[in-house]
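Residue numbering restarts at 1 for every chain, and letters A, B, ... go by the order of the sequence lines. Keep in mind that what you see is a predicted model, and the values were worked out from it rather than measured.
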There are 2 protein chains.
Amino acid sequence: MGITVKDVAGMAGVSTATVSRVINNEKGIRLSTREKVLEAVKVSGYRVNTFARSLKTNKSRTIGLISPEIANDFFMNIARGVEGFLERFGYSLIICNTNESAKEELRRSELLIEKNVDGVIIIPATKRGTHFSLLRDAGIPFVFADRLTSDYNGDAVLVDNQKGSFEAISWLIEQGHSNIAFIGGSPELSNARERYAGYLQALEKYKIKKDERLILTGNFHVDSGYRLMEQLVGLNDPPEQVFIANYFMHVGAIKYLISNSLEPDVSPGIGSFDDLELSSILGYASVSVAQPVEEIGSKAAEILLSRINGDVSPENKILRLHTKLRISL
Amino acid sequence: MGITVKDVAGMAGVSTATVSRVINNEKGIRLSTREKVLEAVKVSGYRVNTFARSLKTNKSRTIGLISPEIANDFFMNIARGVEGFLERFGYSLIICNTNESAKEELRRSELLIEKNVDGVIIIPATKRGTHFSLLRDAGIPFVFADRLTSDYNGDAVLVDNQKGSFEAISWLIEQGHSNIAFIGGSPELSNARERYAGYLQALEKYKIKKDERLILTGNFHVDSGYRLMEQLVGLNDPPEQVFIANYFMHVGAIKYLISNSLEPDVSPGIGSFDDLELSSILGYASVSVAQPVEEIGSKAAEILLSRINGDVSPENKILRLHTKLRISL
DNA sequence: TTGAAAGCGCTAACAA
DNA sequence: TTGTTAGCGCTTTCAA
């Protein structure tokens, strides 16, 4: 705490302006001068004061991540992608946990504005997103990841949810199943809706008429998966196969099956969005839709960075990443 | 972008100093004045410029978290505790992923210093910690969480690892088992060492002599648990029980057992550090040691905050949180 | 290619 | 109880 450009300038026998230029790698400086300054920087152990720099430049080289939950592998793999990408550019990542609450999303947005982040990546918790206009008004660019809000749009990086579940369901049908249930998340969430749409699309393509009793909707959590699987198994004529639209629901479903000693030979077979290895090892899951999770983050970061660096093209950049079908035999 | 204390002062007909006082909730201001200012703040939509504030105060109200991995439930539950605690005080959290590399720990420390964080919480990746002297030299307080480095000390929040595994092993012994294997992590990590010490302590107390063939050391990852369980089961006389010292190793071990159709009646029973619900549902695990994970984070944050707020007592504050024994029947 | 100097928006010492 | 004012350390015109 203490060495400033002034000190360095004094040591190198130049002006503070020159020191600043050298530090920021500007060109148009005599090599010998640059070396003198660099030497002084080294000797003195000088470090820029980012507060002062930011006060001038109005850039913090910090970006925010708003996530519905931070103790969650899926979201944090996105975060990993973001961090890995940004770190190379000297950016750091402020992570905010909203506990799936729109109110918290608002609070955290305010916090991030106050912190002068240069941009924000948002994994929205609900379909509402108007409160993010706060960021827009503050001139802070943001990119949605994984999901869209339905009342607000902007740049986004998503996976092709509909195609993913369409492919999985189609595969199940081609294996000879026609009795396929669907355990999905809240239609509040765009990805939940899209995965459901893929299910319907496959049924339609193969002329299978949908059976409302086999279509269950909960939320993307373990408990919900547990209960819905219970409900499904409790039917008079349980389905041959169930497609579970989310990792945590899948965990819950398996938990139910095991707790109730429903071995794979008597339980419905399972297809799923996201891969739950234990499920296929145990013999329940036969097909899953794998998402490029980290890439969601890194691509979102890339788009965000382009916005930060002045890309003002008005149309929304929406990137749909491809999923991969995984068959376990 | 634009409204400053000066603008607000103008609107309210007071000086910038007064505005500053009101904003910072200082006392000794006439109520009517305060109201005038607050009104002007509201009307104008003023927001403090944290860059300017920080330049003056030298405080960023930001703290860093250095974690070996960010897509990891355990570490992120710690982060959750940290974020939840700090957020109430207007602090935000910069998260850094070191990929379990000491070199990255150094780089991230530098980044955080540059960002002028007020403090850092560190989950160290290895036993080496001398590179954190960088933080100390920069006058930035830090607190270790979950683990200690062995060549460097400081404030820390840990769980009572030794006591935890001691209790679990003791319980197994009291159930009549004397043939208990141990699958543990690298002695690089303090928590791995302590958990092993608890194992030994229990054997000693019950006068069971240790069998080197039953003591296997790997690292705290899924693959390692898989391989070590394989190794154990491959012995001529496999043990009745195995104590697995970490969640991910437990996952790997179960994966091995299931893949190889070793049902609970033929496989060793399992005790573990951390709870893997599926394992007890499947009938493998009978006892586990539960850690107060989020509390590790919140307590670490609390200590850090006290340091930031000027607590300079020289002795290291080391907090050991209690684990809980969980029996599954 | 370099230097002088203004000023980013805020806080805090000092004065009133 | 409030105001005046001097910086915090940096970047960036403008001039040389």
Side-chain angles (χ1 to χ4, degrees), chain A residues 1-41 44-62 90 113-118 138-139, chain B residues 1-41 44-62 90 113-118 138-139 309-310:
Chain A
M1 213 113 300
I3 296 128
T4 72
V5 274
K6 213 167 162 185
D7 300 321
V8 175
M11 288 177 64
V14 298
S15 74
T16 60
T18 299
V19 173
S20 172
R21 288 179 185 117
V22 171
I23 290 167
N24 292 294
N25 250 313
E26 282 174 32
K27 48 196 166 187
I29 291 170
R30 191 174 313 170
L31 184 60
S32 61
T33 310
R34 183 183 297 276
E35 279 167 351
K36 262 192 313 192
V37 173
L38 255 21
E39 176 63 16
V41 166
S44 63
Y46 168 82
R47 252 195 275 264
V48 277
N49 179 320
T50 44
F51 297 144
R53 169 180 285 174
S54 291
L55 181 55
K56 272 309 264 197
T57 61
N58 234 344
K59 295 249 161 282
S60 61
R61 287 197 167 257
T62 299
I113 292 171
E114 207 111 296
K115 296 283 176 182
N116 290 288
V117 294
D118 295 340
Chain B
M1 214 114 297
I3 296 127
T4 73
V5 273
K6 214 166 161 186
D7 300 321
V8 175
M11 289 176 64
V14 298
S15 74
T16 61
T18 298
V19 173
S20 173
R21 288 179 187 117
V22 171
I23 289 166
N24 292 294
N25 252 311
E26 281 174 31
K27 48 198 168 185
I29 291 169
R30 192 174 313 170
L31 185 60
S32 61
T33 310
R34 182 182 298 275
E35 279 167 350
K36 262 192 312 192
V37 172
L38 255 21
E39 177 64 15
V41 165
S44 63
Y46 167 81
R47 253 195 275 265
V48 277
N49 180 322
T50 44
F51 297 144
R53 170 182 285 173
S54 291
L55 180 57
K56 264 313 259 197
T57 61
N58 233 349
K59 295 248 160 282
S60 61
R61 288 196 166 255
T62 299
I113 291 171
E114 208 110 297
K115 296 283 177 181
N116 291 289
V117 295
D118 295 340
N309 291 330

Proximal nucleotide (of C/dG3, C/dG9, D/dT12) relative to the A/Leu55 side chain: C/dG9
Nearest listed nucleotide, side chain of A/Asn49, among C/dG3, D/dC10, C/dC10: D/dC10
Rounded distance [0.5 Å steps], CD1 in A/Ile29 versus NZ in A/Lys36: 11.5 Å
Winner on side-chain proximity to B/Val48, out of D/dT12, C/dC10, D/dT2, is C/dC10
Between D/dT11 and A/Arg53, is there an OP1 or OP2 to side-chain N/O distance shorter than 4.0 Å? yes
Counting the atoms with a prime plus P, OP1 and OP2 as sugar-phosphate, which does A/Ser20 contact under 4.0 Å by heavy atoms, base, sugar-phosphate, or nothing? base
Out of C/dT2, C/dA12, D/dT1, which has the shortest distance to the side chain of B/Ala17? C/dA12
Mind checking if B/Ile29 touches a base, just sugar-phosphate, or nothing, with heavy atoms under 4.0 Å? sugar-phosphate
Would you kindly say whether A/Asn116 and A/Ser60 are connected by a side-chain donor-acceptor distance under 3.5 Å? no
Can you check the B/Asn24 CG to C/dA13 P distance for me, whole Å? 13 Å
Taking B/Ser44 for its side chain and B/Val41 for its backbone only, find out whether a donor-acceptor pair lies under 3.5 Å. yes
In whole Å, I'd like the distance from the CD atom of A/Glu35 to the P atom of C/dT2. 12 Å
What is the distance from CD1 of B/Ile23 to P of C/dT11, rounded to the nearest Å? 6 Å
Polar side-chain atom of B/Thr16 near backbone of B/Lys6 as donor-acceptor pair, under 3.5 Å: no
Of the nucleotides D/dG3, D/dG9, D/dT2, which one has an atom closest to the side chain of A/Lys56? D/dG9
Interatomic distance, A/Lys6 NZ vs C/dG3 C1' [rounded to whole Å]: 14 Å
Of the nucleotides D/dT12, D/dT2, C/dG9, which has the atom closest to the B/Val5 side chain? C/dG9
Between the base of C/dG3 and the side chain of A/Arg21, is there any donor-acceptor pair under 3.5 Å? yes
Start with the C-alpha gap between A/Thr62 and A/Lys115, add the side-chain angles, then the distance that decides, and say whether side chain to side chain contact (heavy atoms under 4.5 Å, CB included) holds. CA-CA 9 Å; A/Thr62 299; A/Lys115 296 283 176 182; over 6 Å; no
Once you apply a heavy-atom cut-off of 4.0 Å, does B/Thr16 come out as touching a base, just sugar-phosphate, or nothing? base
When the distance from NZ of B/Lys36 to P of D/dT2 is rounded to whole Å, what number comes out? 8 Å
Quick check on C/dA4: is either OP1 or OP2 less than 4.0 Å from any side-chain nitrogen or oxygen of A/Ser15? no
Closer than 4.0 Å, any side-chain N/O of B/Asn58 to the OP1 or OP2 of D/dC8? no
Between atom CZ in A/Arg34 and atom C1' in C/dT2, what is the gap in whole Å? 13 Å
From the options C/dT1, D/dC10, C/dG3, select the nucleotide whose nearest atom is closest to the side chain of A/Tyr46. D/dC10
Atom CZ of A/Arg61 and atom P of D/dC10: how far apart are they, to the nearest Å? 16 Å
Residues B/Glu35, B/Leu38; criterion side chain to side chain contact (heavy atoms under 4.5 Å, CB included); working and verdict: CA-CA 5 Å; B/Glu35 279 167 350; B/Leu38 255 21; 5.6 Å; no
Length of the line joining A/Glu26:CD and D/dT12:P, which is rounded to integer Å: 7 Å
